[in-house]
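Counting starts at 1 for both ligands and their atoms, in listed order.
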Amino acid sequence: MANQKYVFYGTIIDTPDPSTLRIRKEHICVVNQGRIELIQPFANRNLDEHQDVTFIKLSESQFICPGFVDLHCHAPQYRQAGSATEVPLLEWLRKFTFPKEARCSDPLYARDLYTKLVSRLLRNGTTTTQYFATIHLEATKILAEICQEKGQRAYIGKVCADQNSPDFYVETTDESIRNTEELIHYVHQMQKGRDVAGINALIHPVITPRFIPTCSISLLSQLGQLAKKHDVHVQSHIAETADEVAFVHDLYPSIGNGRDVAIFRETGLLTSKAVFAHGIYLADNEIDEMAASGSAVASCPIANFLFSKGLTAIEHCTKRGLNVGLGTDIGGAYASSMLPVMRAAVFAHRTMDFVSFDRSHAALPCFPEHKDAIIDFKFAYYLATLGGARALNIDSQIGSFEVRKQFDALLIDCNRENQAFDYWKDDEMDILFEKWMNAGDDRNITGVWVQGVKVG
Ligand code: GUN
Ligand code: FE
């Protein structure tokens, strides 16, 4: 199945940069061994050349576009997504989230939940997800297996938490380190199986300290050493709410300057393979330090509206050279699709024009000048595809359609029965694309490919 060849003929849409919606009409896109072999205007080429392939001729209401990269998703929280939206972050963790995550000590519970989640995300067009699982090694391995079986590209972390957590959902420092290293070995074994088959790895391990309050400095430092030893990705939360920033400062006032960025730096976790969720209350020198380290921010605008009393200053960060992508933040946020997340990113930017907030929470200079760039639907689509790929350092592999890149793609049809918006035949392709982004949903997603394999 992996070696199936495809030729698509029709409209190909992607965002090679934040301000460009590239629309290639009447093109062919040839996919072989999971990669894009050729993209060119169809002209008068004879399609008979491609008789050994699956030929897909797109209609006037259809196009292909890159699949979504969700940089921040808590797999066990899918059980609560869409509920528990009315309390502040730390109370939400205590009351709703830790008890739900603790249930993943039961592998059967985890398998059922994660199977539903991965199926749902693929149906929604998310071809790559970076997951937080739970503190449980076995359930985290199950998540990795499900992603592999269903064919989703996945970055998967076992959550690490050795303090400030309830008795029923906490681990010792040693357990946390041992199980994190075992997950890394386990996923690397899975990767070897695929390499033998000549196909790149789909599943990757991620070192995942939940956030600084639930981690001792010893745990953070040992995780930093593991990140270096195995050269693997890192993820955590950073500067998400004023309460969290104050909590961290109270806990560790003398590590760095007692702020998230300095503590991650001091413990070896501010790496070029690190993605930090939220990044709201960041001072400019912290944004610059993150940019210089090559790490990235996963902006989760729906969760930010619900929890943060502030927003990621996305284009301010990108202007300063910090990579930014988007995340659903299931289940701090309610949406399992990246479409509402992109819409929220656009709204968040508009909101910044009329709401001022202190990003530093420490009276540091804060309000970004953001007049010359606009986060519109194109910028949002870029963030949800190539921007996310850049954050994970895989933009040479996925995120847009270029020869030699892997084919992680969606087939969109804007003329489906029962869809959420109406179709007019004389709408141009850019209009159709924008309408789908703003008013469409998974009913318009009629095909999903990861690495050239049809997975939905
Ligand atoms: N900070 C620590 N844990 C969490 C979590 O599960 N969700 C969010 N949004 N923030 C966190
Ligand atoms: Fe989160």
Side-chain angles (χ1 to χ4, degrees), residues 70-104 113 117 129-136 140 143 155-166 169-171 176 206 208-216 219-220 223 234-248 251 260 263-264 269 274-282 296-312 325-336 338 341 344 348 388 391:
D70 178 352
L71 284 182
H72 186 67
C73 169
H74 296 265
Q77 294 174 19
Y78 185 47
R79 188 68 186 79
Q80 73 201 72
S83 68
T85 52
E86 76 283 17
V87 293
L89 176 67
L90 300 178
E91 187 184 345
W92 172 84
L93 284 171
R94 221 174 30 248
K95 243 194 199 163
F96 301 108
T97 306
F98 291 150
K100 281 281 185 298
E101 293 197 8
R103 293 185 66 182
C104 288
L113 176 56
L117 172 63
T129 299
Q130 181 162 244
Y131 292 102
F132 278 57
T134 58
I135 65 171
H136 314 103
T140 308
L143 177 58
Y155 290 74
I156 296 177
K158 187 205 80 66
V159 165
C160 297
D162 67 347
Q163 64 176 30
N164 288 318
S165 305
Y169 190 53
V170 69
E171 46 185 4
S176 192
V206 186
T208 307
R210 177 172 208 116
F211 67 155
I212 288 173
T214 57
C215 300
S216 65
L219 175 57
L220 292 171
L223 291 175
V234 171
Q235 62 180 342
S236 191
H237 297 85
I238 208 164
E240 179 179 5
T241 69
D243 288 357
E244 177 257 316
V245 171
F247 193 179
V248 169
L251 270 177
D260 287 353
I263 295 166
F264 285 127
L269 291 161
V275 177
F276 295 99
H278 309 294
I280 317 282
Y281 296 95
L282 294 173
V297 162
S299 181
C300 306
I302 299 179
N304 294 164
F305 275 118
L306 292 172
F307 287 138
S308 296
K309 299 198 171 109
L311 304 160
T312 321
L326 297 179
T328 52
D329 203 2
I330 286 173
Y334 45 76
S336 60
M338 291 296 283
V341 174

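- Nearest N/O/S atom of D329 relative to the Fe ion (ligand 2): this is OD1.
- Contacts between T214 and ligand 1, counted as non-hydrogen atom pairs separated by less than 4.0 Å, are absent for every part of the residue.
- Contact annotation: the side chain of E240 never approaches that of F276 to less than 4.5 Å [non-hydrogen atoms, C-beta and beyond].
- Among the atoms of H278, no N, O or S atom is found under 2.8 Å from the Fe ion (ligand 2).
- In W92, the part holding a heavy atom less than 4.0 Å from any atom of ligand 1 is the side chain.
- The aromatic rings of F98 and Y169 sit tilted relative to each other, their planes meeting at an angle between 30° and 60°.
- With respect to W92, the side-chain contact (heavy atoms from CB on, under 4.5 Å) criterion is satisfied by exactly one of T97, T85, L306: T97.
- In this structure the side chain of H74 never reaches within 4.5 angstrom of the side chain of V159, judged on heavy atoms.
- Annotation: side chain of H72 is not in contact with side chain of V275 (no heavy-atom distance under 4.5 Å).
- Residue D329 places at least one N or O, backbone or side chain, under 3.5 Å from an N or O of ligand 1.
- At the Fe ion (ligand 2), the angle from NE2 in H74 to NE2 in H72 is 100° when rounded to 10°.
- When non-hydrogen atoms are compared, ligand 1 lies under 4.0 Å from the side chain of H278 (C-beta onward) but not from its backbone.
- Here the side chains of F132 and E101 are not in contact, with every heavy-atom distance at 4.5 Å or above.
- Every atom of ligand 1 is numbered from 1 in the order shown, and the set under 4.0 Å from a heavy atom of L89 is 8 (C), 10 (N), 11 (C).
- Applying the 4.0 Å criterion to heavy atoms of F211 picks out, from ligand 1, the atoms 1 (N), 2 (C).
- Nearest to atom 10 (N) of ligand 1 among the protein's heavy atoms is E240 OE1, 2.7 Å.
- The closest donor-acceptor contact from the side chain of Y155 to the backbone of L71 lies at 3.5 Å or more, if one exists at all.
- Residues T328 and I302 form no side-chain contact, since every pair of their non-hydrogen atoms from C-beta on lies 4.5 Å or further apart.
- Among the atoms of R210, some N or O lies under 3.5 angstrom from an N or O of ligand 1.
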